[in-house]
Amino acid sequence: MSKNPIHVIGGGLAGSEAAWQIAEAGVPVVLHEMRPVRGTDAHKTDGLAELVCSNSFRSDDAENNAVGLLHAEMRLAGSLIMSAGDANQVPAGGALAVDRDGFSDAVTAKIEAHPLITIQREEVPGLPPEDWDQAIIATGPLTAPSLAQSIAEATGADALAFFDAIAPIVHFDTIDMNTAWFQSRYDKVGPGGTGKDYINCPMDKDQYLAFVAALLEGQKTEFKQWEGTPYFDGCLPIEVMAERGVETLRYGPMKPMGLTNVHNPTVKAYAVVQLRQDNALGTLYNMVGFQTKLKHAEQVRIFRTIPGLANADFARLGGLHRNTYINSPTLLDPSLQLKSRPGLRFAGQITGCEGYVESAAIGLLAGRFAAAERLGEAPSLPPSTTAFGALLNHITGGHIVSDDEPGKRSFQPMNVNFGLFPPVEAPKAEGKRLRGKDKTVAKRHAITSRALADCRQWLGLPARAEAAE
Ligand SMILES: Cc1cc2nc3c(=O)[nH]c(=O)nc-3n(C[C@H](O)[C@H](O)[C@H](O)COP(=O)(O)OP(=O)(O)OC[C@H]3O[C@@H](n4cnc5c(N)ncnc54)[C@H](O)[C@@H]3O)c2cc1C
């Protein structure tokens, strides 16, 4: 059996975790990191797994929070990123925040000391050479330009994005369907639709004018100097559209034509906000054309004034920022392998996950999959009920491509969230159906305990009572 090394390109959150998992499986690794030979616009040190902005891994609550659950699963899987994070924790309430230098130093020291890992400080300028039969590209949101160009050439220019233009995504079960209704514009069925593919939220004239005024007044996030102002056709922020004239949105993403409000059929809406199904499970809907640079708190405040969204819970809020990522649902197989080049995997934020923890988790999976193949085994995919599986499915298959906007990329990076998990029935309390917050909490507990039990089974660990996690 070949014990040629597996090459990991990029020593960030994902690449460091991937290298660790491969080496722990007994397979040699060469980790290629370009810093300090070449820097990025955000990294400041030459340490591995440098945190470029916040020092938080977000909630550490494995029972009630999806990223907390991901922490727990990563710990079960022997994650280097989590053990270095735990060892360098700083006080942050229910969140796991870390001393960024201590954390990066700990990851670097562990990787340097591992007998099966060699670190090469060099830029990899293009796709891995053919004699690197197993390789993982984990070069992150700020992938060096010449490698990014090679990836674009190999995958098709349309398949690589350099900016997120993100519209907010809403949990379906928080949309008020007594106000909103299902209907496609002009009841068009299209190639894969039903004629009822969109959720429509109606506005009268006063509501529309107040909404446009709120967009204009709302606080916006500034672009970083090196980001420029990357407005492309088709992804203008809604507040920029609103600046162009009070009617612009009504002739753009908020046009009311071809729609009849089933709750009030004789009154024509003055404007309509449409939401489109975002994942195969049907638990998430994105707000069509609502990419925005409004600050997150402002988005929540203003978008909850939309009829039907008063209680909306957002799986992610809108944004527009520099990010290099590939169109994973079309390019990668379920084990993160480039379909057109077996043996070459992608990991981390470049696959279309978002955040330190998610990037490391995808690095962990890519490392395990690559190591298994090197050892002559089939990669073992995590169950879709686990946080690992939910995130992996979002990247490699759960996303729905819209048929009505041909040529437009609709896959957008996302943090792990409960909307990515297969739904569960809300448990009953003493035989009675739960409602409201109690129902939400009970469903979350059911999802997280199912996930941890399934994760243990996947990893071959003994079952354990969930309360002991
Ligand atoms: C400005 C900014 C702020 C962010 N803030 C946050 C935040 O607050 N919280 C959060 O959770 N996430 C944040 N993110 C996202 C964050 O970058 C990712 O979640 C995480 O770092 C991604 O991990 P990664 O391993 O995929 O990429 P990275 O951690 O960026 O690692 C990629 C590594 O690859 C190296 N590299 C690149 N090209 C090459 C090449 N050709 N050859 C060799 N090496 C190469 C880089 O030097 C880098 O070390 C931010 C991103 C940016 C750009």
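We count ligands from 1, going down the list as the structure has it; atoms in each ligand are counted the same way. The first residue of the sequence shown is numbered 1, and numbering continues consecutively from there. Source: prediction; values computed, not measured.
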Heteroatom distance test ([X], ligand 1): nitrogen or oxygen, under 3.5 angstrom:
X: A144; answer: yes
X: Y356; answer: yes
X: E33; answer: yes
X: S56; answer: no
X: A347; answer: no
X: T40; answer: no

Check each heavy atom of [X] against ligand 1 and say whether those closer than 4.0 Å belong to the side chain, the backbone, both or neither.
X: A138; value: backbone
X: V52; value: side chain
X: H43; value: side chain
X: L13; value: both

For the side chain of [X] and the backbone of [Y], is there at least one donor-acceptor N/O pair under 3.5 Å apart?
X: D61; Y: N64; result: yes
X: T386; Y: C455; result: no
X: Y325; Y: E354; result: no
X: R100; Y: L51; result: yes
X: E50; Y: K44; result: yes
X: E63; Y: H445; result: no
X: T174; Y: D313; result: yes

| query | Given R35 and T40, is the side-chain hydrogen bond (donor to acceptor under 3.5 Å, both in side chains) satisfied, shown in steps? | reply | CA-CA 8 Å; R35 289 174 293 119; T40 77; 5.9 Å; no

| request: Could you tell me whether R121 and D46 make a salt bridge, using a distance below 4.0 angstrom between a side-chain N and a carboxylate O? | output: no

| field | Pair D133 + R374, salt bridge at N-O below 4.0 Å | value |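 Salt bridge present between D133 and R374.
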
| D60 versus H71, side-chain donor and acceptor atoms under 3.5 Å | yes

Considering the heavy atoms of [X], write down every atom of ligand 1 situated less than 4.0 Å from one of them.
X: A14; value: 25 (O)
X: L147; value: 41 (N)
X: R35; value: 47 (O), 49 (O)
X: E123; value: 41 (N), 42 (N)
X: G140; value: 26 (O), 27 (O), 32 (C)
X: G355; value: 10 (C), 11 (O), 12 (N), 19 (O)
X: G348; value: 26 (O)
X: S54; value: 8 (O)

Given [options], which has its nearest heavy atom closest to [atom]?
atom: atom 42 (N) of ligand 1; options: T351, V124, I350; result: V124
atom: atom 16 (C) of ligand 1; options: Q349, H32, E122; result: Q349
atom: atom 32 (C) of ligand 1; options: T139, N415, D41; result: T139

| said: Ring-plane angle category for W132 and H7, please: parallel below 30°, perpendicular beyond 60°, tilted otherwise. | reply: parallel

| Within a radius of less than 6.0 Å around CG of N311, do more than 12 heavy atoms belonging to other residues, nucleotides or ligands occur? |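 Atom CG in N311 is not packed in, count stays at 12 or less.
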
